[in-house]
Amino acid sequence: MLNRPGLGELREMYRRMVLVRRLEEELGRLHREGRTRGPIHRCDGQEAVGIGATAALEREDLVTSTHRGHAHHVGKGVPLGPLVAEILGRATGSCGGRAGHMLVADPEVGLLGGCGIVGGMLPVAVGQALAFQVRGEPRVVCAFLGDGAAQIGAAHEAMNLAGLWRLPVVFLIEANGFGLTVPTAAQSAVNELAIRAAGYAMPGRTVDGNDVRAVFAAVAEAAARARRAEGPSLIEARTFRLEGFSTSDLGGYRDPAELAAWRARDPIARLRGELLPELGESALLALEGEAERELARALEAALAAPPPPAETLAAPEYASEAGARGETAGA
Amino acid sequence: MLNRPGLGELREMYRRMVLVRRLEEELGRLHREGRTRGPIHRCDGQEAVGIGATAALEREDLVTSTHRGHAHHVGKGVPLGPLVAEILGRATGSCGGRAGHMLVADPEVGLLGGCGIVGGMLPVAVGQALAFQVRGEPRVVCAFLGDGAAQIGAAHEAMNLAGLWRLPVVFLIEANGFGLTVPTAAQSAVNELAIRAAGYAMPGRTVDGNDVRAVFAAVAEAAARARRAEGPSLIEARTFRLEGFSTSDLGGYRDPAELAAWRARDPIARLRGELLPELGESALLALEGEAERELARALEAALAAPPPPAETLAAPEYASEAGARGETAGA
Amino acid sequence: MRELRYAEALREALQEEMRRDPAVLVFGEDVAAYGGVFKVTRDLLAEFGPARVRDTPIAEQAICGLAIGAAMMGLRPVAEIMYVDFLPLCLDQLVNQASVLPWIWNGRVRLPFVLRTQGGVGAGAAAQHSKSLEAWVAHVPGLKVVMPATPADAKGLLTAAIRDPDPVVFIEHKALYNTRGPVPEGEHLVPIGPAAVRRPGRDVTLVASSRMVLEALRAAELLAAEGIEAEVIDLRTLRPLDVGTLVASVRRTHRAVVVNEGWRFAGFGAELAATIAEEAFAWLDAPVQRLGAADRPIPYAEPMERASIPDAARIAAAARSCLG
Amino acid sequence: MRELRYAEALREALQEEMRRDPAVLVFGEDVAAYGGVFKVTRDLLAEFGPARVRDTPIAEQAICGLAIGAAMMGLRPVAEIMYVDFLPLCLDQLVNQASVLPWIWNGRVRLPFVLRTQGGVGAGAAAQHSKSLEAWVAHVPGLKVVMPATPADAKGLLTAAIRDPDPVVFIEHKALYNTRGPVPEGEHLVPIGPAAVRRPGRDVTLVASSRMVLEALRAAELLAAEGIEAEVIDLRTLRPLDVGTLVASVRRTHRAVVVNEGWRFAGFGAELAATIAEEAFAWLDAPVQRLGAADRPIPYAEPMERASIPDAARIAAAARSCLG
Ligand SMILES: Cc1ncc(C[n+]2csc(CCOP(=O)(O)OP(=O)(O)O)c2C)c(N)n1
Ligand SMILES: Cc1ncc(C[n+]2csc(CCOP(=O)(O)OP(=O)(O)O)c2C)c(N)n1
Ligand SMILES: [Mg+2]
Ligand SMILES: [Mg+2]
């Protein structure tokens, strides 16, 4: 994969970013209507990170995600119908409605997977990468984490081990400026998280997380390095979360001027501006319409689908009991 | 406190280093005679770190120790009788024989305290330092850790928080080249641990851990900085463990040449050589004899003392129950 | 008496204790500027300032270690772990340090800190934000474990916990924060230890804690309509357990249902059932019924989530089955 | 049959499974070059090489995450946590990831890994290296918890655990490594689940696991000398629990003593006592006697340490008290 996305790739990334943004907006609307459950973590404004990074991966690569994963899900290619159904807890969801929005996974496309524990998947990502290394497979794990998550112990253990064993992991920090409500400056002793890479013997760099090309290029380079068995990398993508930390956010902790400044740097508008001369307004409108229709179909189907019945709770506890599907991602 | 120890201080450090070495040797002997219990972690060869560092602290400063703490205990001034008695599990021990060699503590001299969980006291040290900061007390916590412990999650969380809040902590890595049997090169992605300090916005430096003056100077400087409310420091003291990882060590994992090379750099012999021209042979011999006699007395008393009786197990579970001594270190 | 929400009652306890004792400190994720994701620490920063009310990084081990270390040095920290589901991240600090040091060091230090957290099933918080893990902390010597069910107890027990000389794990319930009830103004202490009989009855004893007390009370209503008089005991403190109240009740009613929102297997209900069967053996007319969460991760989808924990109907059914 | 030490039996299982299945991997602290602090992984590095036998940093969360991730990708990792006292450091990985993901992801992944560890009181390992924490992991859905008491079971259960499609927490005992017993050569599988009746008897059932089985057998000898015939059940697997064997025995003997080396309060013994009292209620002639560790940190000094856990004399006394 080249480090510079071609026009076709950019076009597709644009479509996906629009799709994610519309998804977030629709989820916001459904939440206000009381039709969602639990705190949904929207990623409005951060789409370029998840979409740009996943576009630079191969299908057989893996992504470990976070509580704020919709761009990762869409980018890695989880079919939209089951994705939306899972977010809404339907039997037709990619995990049958058991997982919900924070834990979405889909082994078929290598999304393994969402996690509501901050930093919880980082040690797992290292284990996935170990399997690739042991078997000599040229596969890579892209492990997303937040700038808040970078302060937790598991991040340290995972990064040290990946650096020590030269495991094929791309640690991608979505530096959106906050944990939930606490600014990163009040969470991290250092402003630039990428400098910590030196402490793990891996390259570290900071990129503009609102520039999908920059994210793509950085991840493509890091993935290529990992595939060459040269070990992990740390990328800090600077971005901003434009909406609440979740649908439970009561606000009041952010500087409106800062928010406005970042709104003006919306990654979708930016990419649109860049594509406009190349593709023309009508092609872009068509692309946006396509994304909107795809989302509308998925939403409609999900909302019409039933939740899994209470009896599903009796599904076997163990894979060793009969009936477990036991699809193994490693196969 | 000056960063350069005076002759009197060096003399006392020498006496303490000799005392620690003799203690370790005696414990080795008692172990071979079957008169100790549990894995005792000797620090032969590392005495300059624990003794040099603690000599640079004030009495009201704190030390959090590790499983390998005899030099910290002696250096911080735990009375030798109760110390040896605790190591041997006697009722006369500083913790009544309940704690044993891995968990020695003595609030009166600010040793709070030993810990058999690698990295386990680092978050606690940060909390102790927080209390000093909140009350505006010019006290410092010297938190010892091993080069193995530097890889554990708790170390990351503790260092980030200390850096972020500028807490008065001196993180002192005793880089003795090994975890138990695994060389540091097989545990850490980077060779020089001090470079990680940059990721926590604190100064980091590497010193010769077999040079008691260098350790003293580095800790004195870091402690002064912390007392000036300028925040924590990270010091990596390079040294070598000359004996087994504990009395349970079965050996076979080390390079005899490396061991021999480090034996030749014994910190006690080195300091002796430096002091010889200044103090003369007979004064040094007297000093050594003094240390040996002090140890012999402590050992004899400890071995003659009874262990705490089984009934002590019924001592109240909670401080809220009557009878708990409730000596508070903060007072 | 004026009514407060459970969350407000907690806040009042924090505020009053911080006014009373400058050694009380509050810290945790999002507790300062934002006032906590459940708003229990709202406005404390404004009143007490950034030295005593602190936002921490996302670092549960450090949060717990901070509490231990600061308490050891004479402060009275109240640390928050946002969800009990994250408590496993600091269990090493609890079981290897907080539990161990005061006793092993022969009483030479005290650790008067409170670790506030909250658990339980809410509305769709899913497998990693809905658990009840009190069985784990209740197993640990030296810790006290408190779970208030009412706003008045929320205030009174938190006040007592802050003044207690031992480490207290204080487990709130996310689905209780908005419940209202009378709460005494001014100093209000509910001692750590004693259980409360919430409803007297002579036919069967329902033992519960936290939100399950409300379900047990509803079950008692259902049973009353059938002429069955259930006694409802709210444990309030899980460790040290008020065995006396529990056993005295069962010796009178001869039947017991124990209810706990955590997983049933090896859960806290097992301790209750075992204790009752031991201490009231000759008085029991039927096996103790033990209700807990289904032994599965808590699912997201509503029908599954709802089915996964005990409720009034299931408690009433269990009571009937011991009477039947 | 040839005799082996418990540690050797474990090593043989690892070796045979590594020969049989290239997906089996061993890693942990000091397991490769040194062969493990209890020498259970001795010489595996030489035979299987550094890709499959790995020393890790001291990083328990990472060790557990490695196992989860590698298992998810189709390997069969056997990870070692050196002491069960350090398991709290990776309980988040166990309760929030390993327990959750296979079931919550609707069976779309499997996690066939084994987490080997060891616990219990040895000779003076003190408060942070002597605990028994099986109650915690036994509480977690989706995990299996195995505790072999004999060398033959050590081999057979470890073999079964490695081949099992689910996460297995395999808890050895430091004071058993040097015990000897007959161990079948070649493939030897002891299924996860079924308990074993180690000694038949009709007067009282003694239920134990791990090293406490040996104490229970010694207690049975003491009791036999007094004419009391005790049946001794070795649980072998704690989760899923073999309730059938347990209950069938108590229904015959009408009396039970449950013994667990962990803290008594909210410990695994509570689950056993509660289950027996529920399932054998009408058959019980006396309350179930429950023995566990004193509810204190494990002290270092020998007399205190010895007093802190159950032993044959105390087990026999408990049995007598249910017969008395
Ligand atoms: C271990 C843990 N601690 C706390 C939380 C609560 N929590 C959920 S999201 C979040 C903020 C995470 O910040 P960051 O990693 O920067 O991700 P972002 O939300 O900004 O995408 C917190 C504290 C959690 N889920 N897990
Ligand atoms: C959390 C934890 N993991 C593992 C151990 C077992 N252990 C005891 S000492 C030790 C090595 C520690 O290495 P280091 O930190 O370098 O200290 P050193 O022994 O070299 O002084 C290990 C792995 C432990 N005590 N705690
Ligand atoms: Mg963030
Ligand atoms: Mg070391």
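Hydrogens, waters and symmetry mates are skipped; everything else that's a heavy atom, side chains included, is used. Every chain is numbered from 1, with letters handed out A, B, ... down the list of sequences.
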Are any side-chain N or O atoms of Gln128(B) and backbone N or O atoms of Ala70(C), one a donor and one an acceptor, separated by less than 3.5 Å?
no

Region of Thr64(B) that comes under 4.5 Å of a non-hydrogen atom in chain C:
neither

If one checks every heavy atom of Pro102(C) against chain B at 4.5 Å, the contacting part turns out to be neither

Please classify the contact between Glu86(B) and chain C as side chain, backbone, both or neither, with a heavy-atom cut-off of under 4.5 Å.
neither

Is there a side-chain contact between Arg108(C) and Ser94(B) (heavy atoms, below 4.5 Å)?
yes

Is there a side-chain contact (heavy atoms from CB on, under 4.5 Å) between Arg135(B) and Leu75(C) once you walk through the steps?
CA-CA 9 Å; Arg135(B) 287 196 296 247; Leu75(C) 296 184; 3.8 Å; yes

For the pair Trp103(C) (side chain) and Pro316(B) (backbone), establish whether a donor and an acceptor sit closer than 3.5 Å, ignoring hydrogens and angles.
yes

If you look at every heavy atom in Gly114(B) and Trp105(C), which pair is closest and at what distance?
O-CZ2, 3.9 Å

Looking only at non-hydrogen atoms, find the nearest pair between Pro107(B) and Val109(C) and report the distance.
CG-CG1, 4.2 Å

Relative to chain C, which segment of Leu103(B) carries a heavy atom at a distance below 4.5 Å: side chain, backbone, both, or neither?
both

Top contributor to chain B contacts, counting heavy-atom pairs under 4.5 Å, from Gln97(C), Glu60(C), Arg52(C), Arg54(C)
Arg54(C)

Can you check whether Ser320(B)'s main-chain N or O pairs, donor with acceptor, with Asp164(C)'s side chain at less than 3.5 Å?
no

So which bits of residues 21-38 of chain C come within less than 4.5 Å of chain B, counting non-hydrogen atoms only?
Leu25(C), Phe27(C)

How close do Tyr318(B) and Asp166(C) get, counting heavy atoms only, and between which atoms?
CB-OD2, 3.2 Å

Applying a criterion of heavy atom separation less than 4.5 Å, what residues of residues 152-161 of chain B form contacts with chain C?
Gly153(B), Ala154(B), Glu157(B), Asn160(B), Leu161(B)

Look at atom CZ of Arg166(B) and say whether more than 12 heavy atoms of other residues, nucleotides or ligands are closer to it than 6.0 Å.
no

Okay, Ala125(B) and chain C: the region with an atom under 4.5 Å from a heavy atom over there is neither

Select one option (side chain, backbone, both, neither) describing which atoms of Leu101(C) are under 4.5 Å from chain B's heavy atoms.
side chain

Less than 4.5 Å to any heavy atom of chain C: does that hold for the side chain of Leu164(B), its backbone, both, or neither?
side chain

Under 4.5 Å from any heavy atom of chain C, what part of Val126(B) do you find: side chain, backbone, both or neither?
both

For Ala62(C) and Pro123(B), work out which heavy atoms get closest and say how close.
CA-CB, 4.0 Å

Minimum side-chain heavy-atom gap Met73(C)-Leu130(B) below 4.5 Å:
no

For Arg76(C), which atoms come within 4.5 Å of any heavy atom of chain B: side chain, backbone, both, or neither?
neither

Closest approach of Ala319(B) and Arg110(C), non-hydrogen atoms and distance?
CB-NE, 4.0 Å

Mind checking the CD1-SG spacing from Ile104(C) to Cys115(B)? Nearest 0.5 Å is all I need.
12.0 Å

